4 protein chains.
Amino acid sequence: MSESKPLFDEAIQNLLESLKDEKDMTEKQQRIIASAIEIIAEKGFNGSSTSEIAKNAGVAEGTIFRHFKTKKELLYALVGPMLIKFASPLIMKDVIRIIESEAPAEDVLQSLYENRLDLITENLPRVKILMQEALFHPEIMDSILNNLARQGRALGDNFVTERIESGEFRPLPTNGITRAIFSTLLGYFVFSQAFPEEKGEDDVEVIIDILLNGIKERHGD
Amino acid sequence: MSESKPLFDEAIQNLLESLKDEKDMTEKQQRIIASAIEIIAEKGFNGSSTSEIAKNAGVAEGTIFRHFKTKKELLYALVGPMLIKFASPLIMKDVIRIIESEAPAEDVLQSLYENRLDLITENLPRVKILMQEALFHPEIMDSILNNLARQGRALGDNFVTERIESGEFRPLPTNGITRAIFSTLLGYFVFSQAFPEEKGEDDVEVIIDILLNGIKERHGD
Amino acid sequence: MSESKPLFDEAIQNLLESLKDEKDMTEKQQRIIASAIEIIAEKGFNGSSTSEIAKNAGVAEGTIFRHFKTKKELLYALVGPMLIKFASPLIMKDVIRIIESEAPAEDVLQSLYENRLDLITENLPRVKILMQEALFHPEIMDSILNNLARQGRALGDNFVTERIESGEFRPLPTNGITRAIFSTLLGYFVFSQAFPEEKGEDDVEVIIDILLNGIKERHGD
Amino acid sequence: MSESKPLFDEAIQNLLESLKDEKDMTEKQQRIIASAIEIIAEKGFNGSSTSEIAKNAGVAEGTIFRHFKTKKELLYALVGPMLIKFASPLIMKDVIRIIESEAPAEDVLQSLYENRLDLITENLPRVKILMQEALFHPEIMDSILNNLARQGRALGDNFVTERIESGEFRPLPTNGITRAIFSTLLGYFVFSQAFPEEKGEDDVEVIIDILLNGIKERHGD
DNA sequence: CATGAATGAGACTTCATTCAT
DNA sequence: GATGAATGAAGTCTCATTCAT
């Protein structure tokens with residue numbers, strides 16, 4: 001990892017704190033969070049009113065502001081835990097172990113995809129919100145870039161470099177391959193979200209097949 | 001094209017009409033459109049106020065509503081022309097010609113990517129708005145699905161089927177390959193938008209290289 | 001008539017002038033007036049927009065303001081002629097002749113009712129507007145009071161006094177009888193307007209019959 | 001009563017509910033209602049702004065919309081209770097008792113007038129609003145027709161028919177007499193409202209005297 | 001802690017009126 | 001004279017936020 005001292009800005013600090021809270025939350029707070037996730041995922045942050053969120057959560061409107069100073073802080077409390085889950089040392093160690101294993105690339109990627117996709121599909125509405133609102137809230141975008149993206153990029157580059165050196169991958173630009181891996185994943189995810197009815201059962205496997213087949217070197221194949 | 005009678009719903013009808021208008025628009029209308037594109041692309045539809053759009057366009061707020069009955073109609077006037085440009089018969093013919101040519105897949109995809117990417121990058125803010133707001137406005141999503149997606153899917157499947165039959169592509173599921181092509185494109189695009197600073201010069205080529213290498217059959221390679 | 005010098009205030013002056021105009025009006029002006037009558041009678045003055053009136057008249061919105069300085073002046077131009085028709089010396093002479101005739105009260109009232117009801121039913125929408133808007137525009141109410149009401153009251157009192165003196169009417173308070181005559185008329189009119197479906201053929205005659213039967217002295221009946 | 005199942009339409013249902021509320025209203029709600037009555041009676045519904053009503057009530061404009069979803073609902077909350085008071089079974093029983101008594105018509109009508117006039121003069125501004133706005137809001141007019149008018153008409157016709165049969169009233173058309181009674185009352189009321197300065201002390205009595213004298217049979221008089 | 005009435009800034013929209021063409 | 005685009009004040013209504021209970 002080239003960036004060993006990620007700049008944890010204030011936003012992330014708050015997010016970290018709210019993560020800690022999420023386990024100690026009262027039942028009302030959890031209902032508010034759940035309600036907000038549901039509604040904001042459907043209508044967007046600016047399209048959702050605190051009154052609707054409160055009603056849907058079965059609490060008084062004022063109760064929201066007892067737990068979250070502002071509406072925006074409620075948003076942070078939704079997306080923060082996602083960022084932290086993705087980037088948490090605990091989970092990151094798993095990722096690092098997978099990536100640094102000597103297993104064939106197929107297995108590594110497959111494990112990686114599964115690992116990430118589980119996280120994503122379990123938290124789909126939150127991820128949707130995270131991706132949507134990152135476009136409008138620079139501080140969220142910065143958190144993603146400073147944490148997920150940077151780490152992911154570093155890990156990916158390491159992985160790709162090693163595999164190229166070992167002769168498993170074709171000697172294309174490292175950057176390009178890393179980007180290809182990530183953007184294929186991202187594209188697959190966005191595509192399935194946008195056009196759910198088009199989705200087939202074994203699409204993931206076909207796409208990984210194609211991706212790896214495209215990346216890997218052919219040894220006397 | 002399997003879908004020879006695309007369902008042009010009411011929304012699209014309105015959009016078509018507004019496209020025609022775009023060339024006859026007065027200077028004020030164009031200033032309003034330009035201002036709205038700028039602001040909505042940055043803050044989202046719900047995050048942008050008509051008063052800000054008006055101020056930025058240098059017109060009175062009331063003037064917006066002389067030209068666009070509601071704020072939503074202004075949105076349609078922004079995204080409509082994009083849909084129409086993408087789906088217009090004129091341009092579609094180009095696409096069909098490229099796809100149905102006998103050229104090697106590399107050239108076909110390269111032309112296709114360039115053709116589409118030009119359209120996209122020339123209208124980047126509009127495309128951003130289109131993609132973002134489609135998530136919150138079902139009628140926009142429907143227009144995309146009923147027009148772009150359906151056509152694209154049909155064209156792609158034809159192309160892939162032919163290439164598999166001719167032995168150029170590996171005999172993977174047609175659907176999967178088509179989806180891989182589109183989602184790779186989409187992923188590349190979303191990725192470059194989300195993390196512009198990460199973008200390299202020849203990324204497109206690397207990605208196409210990988211994609212095709214992954215898809216194509218290896219003949220005694 | 002006790003009040004021989006009616007106070008013609010400024011409002012009435014304007015109304016008089018607009019009456020003169022009504023005959024010299026261009027076709028557009030007449031279309032505007034006709035359109036305004038139609039729409040304001042249905043929706044009230046404040047509920048009608050100049051743009052709707054213009055559209056309905058087939059003229060540009062600006063054209064209204066070329067002919068009527070303000071929207072209110074347009075209202076005056078609608079109701080003014082009514083006031084003047086009701087109070088104009090020409091027509092007043094007719095009324096005076098009817099009232100001062102020696103004919104039996106039945107004939108006098110019948111003539112009077114017919115004379116007034118013709119005027120009213122021929123100009124029903126204007127009369128509706130006049131009555132409605134008088135409640136909200138004191139200057140219109142003043143015009144009515146200073147002209148119609150005062151004259152009508154004076155004429156009525158004279159008529160009633162004479163008939164009481166001649167022994168045809170019962171010696172009730174003059175005021176009361178006059179008011180009874182007018183308010184019966186008014187009630188009949190308002191009632192028929194409010195509940196048109198309840199209206200019978202010969203209602204007027206029954207009501208006059210009752211009214212006069214109630215007022216007249218019984219000579220050896 | 002011929003119409004034993006009055007059609008209580010949705011509007012009336014809402015009105016009924018709002019009546020129940022009127023007693024449980026908070027002080028602010030009552031101030032809003034009082035302020036709205038005052039201002040709308042003077043300027044009409046369309047001529048009154050919610051901001052003026054709020055200012056006059058000493059509350060924030062938003063407070064109005066916390067208690068009444070729309071401006072129109074505020075109007076309903078003003079006129080509804082009137083309709084209900086007039087038509088409420090409790091009061092209707094009084095009316096029926098009066099009308100079905102065997103007392104001479106003078107006493108019946110006098111009691112009736114007093115009973116109704118009290119109700120009206122106690123709620124004069126509301127009644128004014130009710131009558132004015134019924135002209136522009138068909139749903140209000142319908143409520144009046146379906147409730148007050150229908151009931152009143154049925155009661156009146158019964159009363160008149162009985163009195164004609166008993167020989168107390170002249171054998172004129174029942175309809176006509178009923179209409180005469182109501183429209184005389186209405187005319188008297190409208191007249192006094194329109195020209196308050198003309199009003200004398202004992203006008204009601206004179207008018208009832210004339211009305212009844214006109215309706216009643218003369219027995220060897 | 002929780003409530004929900006109250007707030008007032010600000011959102012979208014309408015409208016009477018003006019003015020260059 | 002007629003037009004209709006442009007205006008900006010004012011209208012109705014929503015909303016995040018506060019605070020007394």
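A quick note: this is a predicted structure, and the numbers were derived from the prediction, not measured. Proteins come first, then strands; the chains are lettered A, B, ... in the order of their sequence lines, and each starts at number 1.
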To the nearest Å, give me how far apart [atom1] ([X]) and [atom2] ([N]) are.
| X | N | atom1 | atom2 | result |
| --- | --- | --- | --- | --- |
| D/R31 | E/dT7 | CZ | C1' | 14 Å |
| C/Q29 | F/dA2 | CD | C1' | 12 Å |
| C/K55 | F/dA5 | NZ | C1' | 14 Å |
| B/I53 | E/dA11 | CD1 | P | 11 Å |
| D/K28 | E/dG8 | NZ | C1' | 13 Å |
| A/I64 | E/dC1 | CD1 | P | 17 Å |
| B/E52 | E/dA9 | CD | C1' | 16 Å |

Please tell me whether A/Y76 and A/H137 form a close aromatic pair, meaning their ring centres lie under 6.0 Å apart.
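Distance test on ring centres: not under 6.0 Å, no.
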
Is there a Watson-Crick or G-U wobble partner for F/dC13 with both distances under 3.5 Å, and if so, which one is it?
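E/dG10 - that is the nucleotide pairing with F/dC13, both distances being under 3.5 Å.
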
Opposite nucleotide pairing with F/dA20, Watson-Crick or G-U, both atom distances under 3.5 Å
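Looking at the geometry, F/dA20 pairs with E/dT3.
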
Given that C/A60 and B/V59 both sit by DNA chain F, which one's nearest nucleotide is further toward the 5' end?
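Nearest nucleotide further toward 5': that of C/A60.
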
Would you say the side-chain atoms of B/R126 pair up with the backbone N or O of B/L78, donor to acceptor, closer than 3.5 Å?
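Yes; at least one donor-acceptor contact below 3.5 Å.
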
In terms of the nearest nucleotide of DNA chain E, which residue is placed more toward the 5' end: A/G58 or D/G58?
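On the 5' side of the pair lies A/G58.
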
Between CG of A/L75 and CZ of A/F68, what distance do you get to the nearest 0.5 Å?
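Rounded to the nearest 0.5 Å, the CG-CZ separation comes to 11.0 Å.
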
Using 0.5 Å steps for rounding, measure from the CD1 atom of A/I140 to the CG atom of A/L145.
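Reported to 0.5 Å precision, the distance equals 12.0 Å.
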
Does a side chain donor of either D/S51 or D/E61 reach within less than 3.5 Å of an acceptor in the other side chain?
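No.
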
Contact under 4.0 Å: D/H67 side-chain N or O vs E/dA6 OP1/OP2
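Yes, D/H67 has a side-chain N/O under 4.0 Å of OP1/OP2 on E/dA6.
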
For nucleotides 13-19 of chain F, read 5' to 3', which letter fits each nucleotide if B means a protein heavy atom sits under 4.0 Å from the base, S means only the sugar-phosphate is that close, and - means neither?
BBSBBB-

Distance under 6.0 Å and angle within 45° of the ring axis: does C/K43 meet both against D/F136?
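No.
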
Could D/E133 and D/K72 be called an ion pair, given the rule that one side-chain N must be under 4.0 Å from one carboxylate O?
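Result for this pair is no, no salt bridge flagged.
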
